[in-house]
There are 2 protein chains.
Amino acid sequence: MPRVSDMKKRLTDAALDLMWENSYGTTSVDAICERAGAKKGSFYYFFKSKSELTVAALEAEWNKNKANMDALFSPTVPPLERFDRYFDHVQLQEACGSILGCPMLSIGSEVSTQDPGVRATVERIWDRKIKYFESAIRDAHAQGLIEAPDPEAKARALFACYHGTLAQARIENDVGLLRDFKQVAMDVLGVKHVQAASS
Amino acid sequence: MPRVSDMKKRLTDAALDLMWENSYGTTSVDAICERAGAKKGSFYYFFKSKSELTVAALEAEWNKNKANMDALFSPTVPPLERFDRYFDHVQLQEACGSILGCPMLSIGSEVSTQDPGVRATVERIWDRKIKYFESAIRDAHAQGLIEAPDPEAKARALFACYHGTLAQARIENDVGLLRDFKQVAMDVLGVKHVQAASS
DNA sequence: AAAATACTTGACTGATCAGTCTACATCGGC
DNA sequence: GCCGATGTAGACTGATCAGTCAAGTATTTT
């Protein structure tokens, strides 16, 4: 066995996988250990509880995705195009498996009244994501592309719609909703209709 | 004890309460029994499993709300006003406690990969709710109030946004999002902006 | 080679889980 | 007054749960 173990990562990966496949509440420590190839003792060597592990797993997942978000929402990209690229990216990821947004949403709605630590983490990560939306909206407003006197509120509203669509798409196992979301986003942002006509 | 017991209702009520306060997965049969003042035997006299109870509870809740939905979405009401009234109604209910939409959403995202029976029930009830949206959208389109060549898709998109906002409002414990949703709904529907000015 | 560090093992505890079972109570109908 | 139907009571089973712990094994440091 190596001096520095990869078990911590294996545990957080396993946890996120299982919570995505099932749910936070129904994912047991035993199951996480089994999938990670760990024994109980190892789990509690690294983490004090399932809650603490979840926090670590979510933060790790965020860090993995941050660079990508930075690129997609780069100020060098025209503001409305940032959303375009982002929702394209989401749709692509969603088509073939898990992504940060979705396990976070299901975990979020599940623990919102239960686990304060996990809840705070989810909110913290969401706030960071909303920041990307917000600055893109502010830029779009400044360029006169949209009318958004309150970028923060607009960002939050769009984020909520986006998450709802993500959740619905998952529950009904229908990517169509996600495919159409780009247009919905433009509507919510208040962009003048560009009829993506059939020819 | 009366000939006909109210225990069935007490059990479904207790179940929905607990699932709203916590979640589907973490709500145990024992806890439901305790809250309903029932013993294990009574529970399994009425229901074969937690899953079956949940289905019954959701259907019962829907039936309780159906008349209200019919009134709010009555064809006698101008189509866009139906949404206005509905989201007002939702906001009011949400401000002081539970409502059908929300426990259904959290249960839905939780069991989407687990319990097929509950999942099917959630989808069935959602489909019914979407029908209200859909016909209002079709009417609005017919009256030239909005441009919606595909009312079903529009209804589903709006429904997803609505649910996302509901979920977000709950998680962040912020009714503001819900208050603003009427405008977002109009945007998604494609209604020309009516600036609800500050005077 | 000894000691310290970093990690692993798996048995164990006590609580809680879903679900079963038999015995019992209360009622309307006769 | 008794019978069948509708419901209730609660002990019990075996599985699974989160979390503990003492003992062990590599690997690096000294």
Side-chain angles (χ1 to χ4, degrees), chain A residues 1-58 60 107 110-111 113-119 121, chain B residues 1-58 60 107 110-111 113-119 121:
Chain A
M1 311 300 161
R3 172 177 57 131
V4 39
S5 163
D6 64 339
M7 186 59 83
K8 203 163 179 171
K9 178 170 163 36
R10 267 160 56 203
L11 283 166
T12 53
D13 284 353
L16 238 43
D17 279 359
L18 286 167
M19 287 174 193
W20 169 251
E21 287 166 24
N22 306 288
S23 70
Y24 178 81
T26 59
T27 298
S28 71
V29 173
D30 281 342
I32 295 168
C33 287
E34 198 191 334
R35 162 118 19 156
K39 293 292 155 66
K40 266 284 177 62
S42 294
F43 183 101
Y44 286 99
Y45 175 75
F46 289 108
F47 304 102
K48 272 173 51 190
S49 64
K50 185 171 98 177
S51 166
E52 199 176 83
L53 160 85
T54 308
V55 168
L58 291 173
I107 291 172
E110 205 179 331
V111 301
T113 57
Q114 294 168 241
D115 193 307
V118 175
R119 178 204 155 105
T121 304
Chain B
M1 312 299 164
R3 174 175 57 131
V4 40
S5 162
D6 63 339
M7 186 58 83
K8 203 164 179 170
K9 178 171 163 33
R10 268 161 54 204
L11 283 166
T12 53
D13 284 352
L16 238 43
D17 279 359
L18 287 168
M19 287 174 193
W20 169 250
E21 286 166 25
N22 306 288
S23 70
Y24 177 81
T26 59
T27 297
S28 71
V29 172
D30 281 341
I32 295 168
C33 286
E34 197 190 333
R35 162 114 24 151
K39 293 293 154 65
K40 266 284 178 60
S42 295
F43 183 101
Y44 286 99
Y45 174 75
F46 289 108
F47 304 103
K48 271 172 53 189
S49 64
K50 185 171 101 176
S51 166
E52 199 177 82
L53 159 85
T54 307
V55 168
L58 291 174
I107 292 173
E110 203 180 331
V111 301
T113 57
Q114 295 168 239
D115 193 308
V118 176
R119 177 204 156 106
T121 304

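The chains referred to below are lettered A, B, ... by the order of the sequence lines, with proteins before strands, and numbering in each begins at 1.
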From CG of B:Leu11 across to C1' of C:dG19 the rounded distance in Å is 15 Å
Taking D:dA9, C:dC7, D:dA18 as options, the one with an atom nearest any side-chain atom of A:Val29 is D:dA18
When rounded to whole Å, the NZ to P distance for the pair B:Lys8 and D:dT6 reads 12 Å
Within a reach of under 6.0 Å around CD of B:Glu21, are more than 12 heavy atoms found that belong to other residues, nucleotides or ligands?
yes
Between CG of B:Asp115 and P of C:dA18 the distance, given in whole Å, is 13 Å
Note to self: Taking CD in B:Glu34 as the centre, count heavy atoms belonging to other residues, nucleotides or ligands within less than 6.0 Å. Is the count above 12?
What the structure shows: no
Among D:dT8, C:dC17, C:dA6, the one nearest any side-chain atom of B:Asp30 is C:dC17
When rounded to whole Å, the CG to P distance for the pair B:Asn22 and C:dT16 reads 15 Å
*Distance check: side-chain N/O of B:Tyr45 vs OP1/OP2 of D:dG7, anything under 4.0 Å?*
yes
Mind checking if A:Ser28 touches a base, just sugar-phosphate, or nothing, with heavy atoms under 4.0 Å?
sugar-phosphate
Would you say C:dG10 has OP1 or OP2 under 4.0 Å from some side-chain N or O of A:Lys39? yes
Hits for side chain to side chain donor-acceptor pair (under 3.5 Å) against A:Thr121, two or more places apart or cross-chain, chain-then-number order -> A:Arg124
Separation of C:dT16 atom C1' from B:Ile32 atom CD1, nearest Å, is 14 Å
Separation of C:dT9 atom P from A:Phe46 atom CZ, nearest Å, is 11 Å
Query raised in the report: Using a cut-off of 4.0 Å on non-hydrogen atoms, how would the nucleic acid contact of A:Lys48 be classed: base, sugar-phosphate, or nothing?
Result: nothing
Cationic tip of A:Lys39 above A:Tyr45 ring, under 6.0 Å, 45° of axis: no
* **Under 4.0 angstrom between B:Ser49 side-chain N/O and C:dA18 OP1 or OP2** => no
Ranking C:dT8, D:dG7, C:dG10 by distance to the side chain of A:Ser42, first place goes to C:dT8
Of D:dA9, D:dG19, C:dC7, the nucleotide closest to the side chain of A:Tyr44 is D:dG19
In whole angstroms, the gap separating P of D:dA18 from CG of A:Leu53 amounts to 11 Å
Rounded to whole Å, NZ of B:Lys40 lies from P of C:dT22 at a distance of 17 Å
message: Over all strands shown, is A:Phe43 touching base, sugar-phosphate only, or nothing at heavy-atom distances under 4.0 angstrom?
response: nothing
A:Lys50 has its side chain closest, among D:dA18, C:dT8, D:dG7, to D:dA18
**Prompt:** Within the side chain of A:Ser23, is there an N or O that forms a donor-acceptor pair under 3.5 Å with the backbone of A:Met19?
**Reply:** no
